[in-house]
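See below for the structure under consideration.
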Amino acid sequence: MVRVLPDVAAIDRCFDYLVPDEMSDQVRVGTIVRVALHGRRVRGWVVEDDVTPAPGVRLQPLAKVTGWGPPAAIVDLAGWAAWRWAGPRATFLRAASPRRRVVSLMGAPPPPPSLRSGQGGSFPYGPPAVSAGGSTNHNQELIGEAFANERSVVRVPPDADPLVFVSAAASLGDALVLTPSAAQAAHLLRRLRREGRAAAAWPHDWARAAAGGVVVVGGRGAAWAPVPTLAAVVAIDAHDEAYQEERTPSWNGWHVAAERARRDGVPCVALSPCPTLESLRWGRLLTASRARERAGWPSIDVVDRRNDDPRSGLYSERLVKLVRSGRRVACILNRKGRARLLACAACGGLARCERCGAAAEQLGEGLRCRACGLERPSLCAVCGSQRLKVLRAGVSRVVEELEALVGASVGEITGQTTATPDTPVVVGTEAALHRLDELDAVAFLDFDQELLVPRFRASEQALALLARAARVVGGRRGNILVQTRVPDHEVLEAAVHADPGRLTIAELARREALGLPPYTVLAEVSGPDAPTMVASLPSSVERMGPDGDRWLVRAPDHSILCDALASVARPRGRVRVVVDPARS
DNA sequence: CGGACAAGCTGA
DNA sequence: CAGCTTGTCCGG
């Protein structure tokens, strides 16, 4: 008899079934099965075997064995994640299961014995990494030390090649390597295979990973890969917010992988040019040499705009010179559309919505309210003038203005655009930094928007943006231009001096004073039934809010926070809980 | 989630 | 009071 968790998000509950004799050799903890439940057949996972039957319940047999599922250790890990991110277990088991049915692990041949290391013990490197180019000059000491610790945060400059760390992990045995995006994972995988490593892509090579003898590479989901004997974990760019699942439960891939490493007692290495404060609290910080770090950040040109003529708009003299230089430049502005804020050129009044009073933005020829979406023709609601001036330009508007300044065509990239423009000058939102590479320079037109946004992680996120830009311009070879009215902000100081530690110190003090992470932990509770849930939380947690329909719950650590969240009955479907919200 | 069943609303 | 909608309950 086995206990089965149905793959139905709303049923976070197990049911017992009989195992027919002919299935018994295929059924163990993790196996994916089909079961009859309440008059229908649903998928589910065996989460316990050899269950003693509860008296007085007539059991149904398993309807079918579908195939391989996550190993027992991962089933257990899913239980932990359900607690840690206050979500149903089924979500995590789904994340850990193969996309297509796996009937046998055969056909996933193990790699040649020469590459199967992982006998444990000291730290011999495997086949020496063939260094192409000069970016693999980390000293061996740093790598050795990283894997000698259980939890290391290795701060490397933005242009550092993570491959040496990945190879070192692979030399220890079956390693798990996480990257923020699937594209980065695919690239890394190709390079590992070129190096002669047996490597499996998550989630495509699920069965190969389960068979063992490979290093598994993937995005955040790879944290759930069925590696039989884990030897090490590496998270590349561990600061990246892409590790966090956007949908609830919003689990974090590298936190899951780190928990796995902890459970198995193997090293976990988080690489980042700008480690988060939370990661620094989690692990021991190791840094590249000062000289190496300084050499790996580009030159950062901070343009102090405090005394510039406001009529020069988003374009300082240095910016104009840069875009006219003929070099490949991306101008970054995190505002989509043409104009996000307008004023009447005649009476000076702001363009606002007639219905709700919120700011109206330019949309085609007319205006649209940014809050309620009401559209109206482009004229002043107060005096009727048709002349409106742009107070806050968006990307599309900047494209037009830069084309006039450069005298050539300028491309545009936002999250929605699909084609990559081939013009030397490109304007875009942050998305442009993920889509372009090998630029000569990146210019942040209004960096204050990043620095001053009212979110407690704003500074860290702003530095991460600069690190991202630094990588896109190829480290030291490129340039970053930053227009700001806060030129002495710690974020800019840290980037200019290639010393993220400067931000760490300032930010830690601020967070401690305000009782914010990493000194505390937060969860966001929202939705129609949030008040009910918040009201029934135990007094071990602090409640803050509401802000609209959002509440913040604060506790000294995850054990208290998650226990508190788990202790209250959840009104189904009507409340959303986000543990460790990225923005707040 | 999705079926079962009860309670409430409507119209003839 | 049939016929339909809406809400609540519960699953082996």
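Because the structure is predicted, anything quoted here is derived from the model rather than measured. Reminder, nothing fancy here: chain letters follow the sequence lines and each chain counts from 1. Just the heavy atoms: all of them, side chains too, but no hydrogens, waters or symmetry mates, feed the values below.
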Let me know the distance between [atom1] of [X] and [atom2] of [N], rounded to the nearest Å.
| X | N | atom1 | atom2 | result |
| --- | --- | --- | --- | --- |
| A/I11 | B/dG2 | CD1 | P | 10 Å |
| A/L37 | B/dA4 | CG | P | 13 Å |
| A/R41 | C/dG11 | CZ | C1' | 16 Å |
| A/R43 | B/dG2 | CZ | P | 15 Å |
| A/D16 | C/dG12 | CG | P | 11 Å |
| A/R40 | C/dG12 | CZ | C1' | 14 Å |

If you measure from the Lys or Arg side-chain nitrogens to the Asp or Glu carboxylate oxygens, is any gap between A/R570 and A/D12 under 4.0 Å?
no

Identify whether the distance between the nearest side-chain nitrogen and carboxylate oxygen of A/E507 and A/R510 falls below 4.0 Å.
yes

Need one value for A/A9: base, sugar-phosphate or nothing, where a base atom within 4.0 Å counts as base even if backbone is also close, heavy atoms only.
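Counting heavy atoms under 4.0 Å across all strands, no contact is made by A/A9.
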
NA contact type, A/R3, heavy-atom cut-off 4.0 Å: base, sugar-phosphate, or nothing?
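No contact.
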
Heavy atoms within less than 4.0 Å of DNA chain C: which residues of residues 75-100 of chain A have one? Give them sorted by number.
none

Neighbour count above 12 (heavy atom, 6.0 Å) for [X] [atom1]:
| X | atom1 | value |
| --- | --- | --- |
| A/R263 | CZ | yes |
| A/E22 | CD | yes |
| A/H558 | NE2 | yes |

Check: A/W45 side chain, A/P6 main-chain N or O, donor-acceptor pair, under 3.5 Å:
no

What is the ring orientation for A/F147 with A/F165, classed by angle as parallel under 30°, tilted 30 to 60°, or perpendicular over 60°?
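Geometry flag for A/F165 against A/F147: tilted rings.
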
Which atoms of nucleotides 6-10 of chain C (N or O only) lie under 3.5 Å from a protein N or O atom, and what are those distances?
from   : atom 1 : to     : atom 2 : distance (Å)
C/dC10 : N4     : A/R572 : NH1    : 2.6

Could you tell me if A/R220 sits above the aromatic ring of A/W202, with its cationic atom closer than 6.0 Å to the ring centre and no more than 45 degrees from the axis?
no

Working to the nearest 0.5 Å, report the span between CD of A/E460 and CG of A/L465.
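With rounding to 0.5 Å, CD (A/E460) is 13.5 Å from CG (A/L465).
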
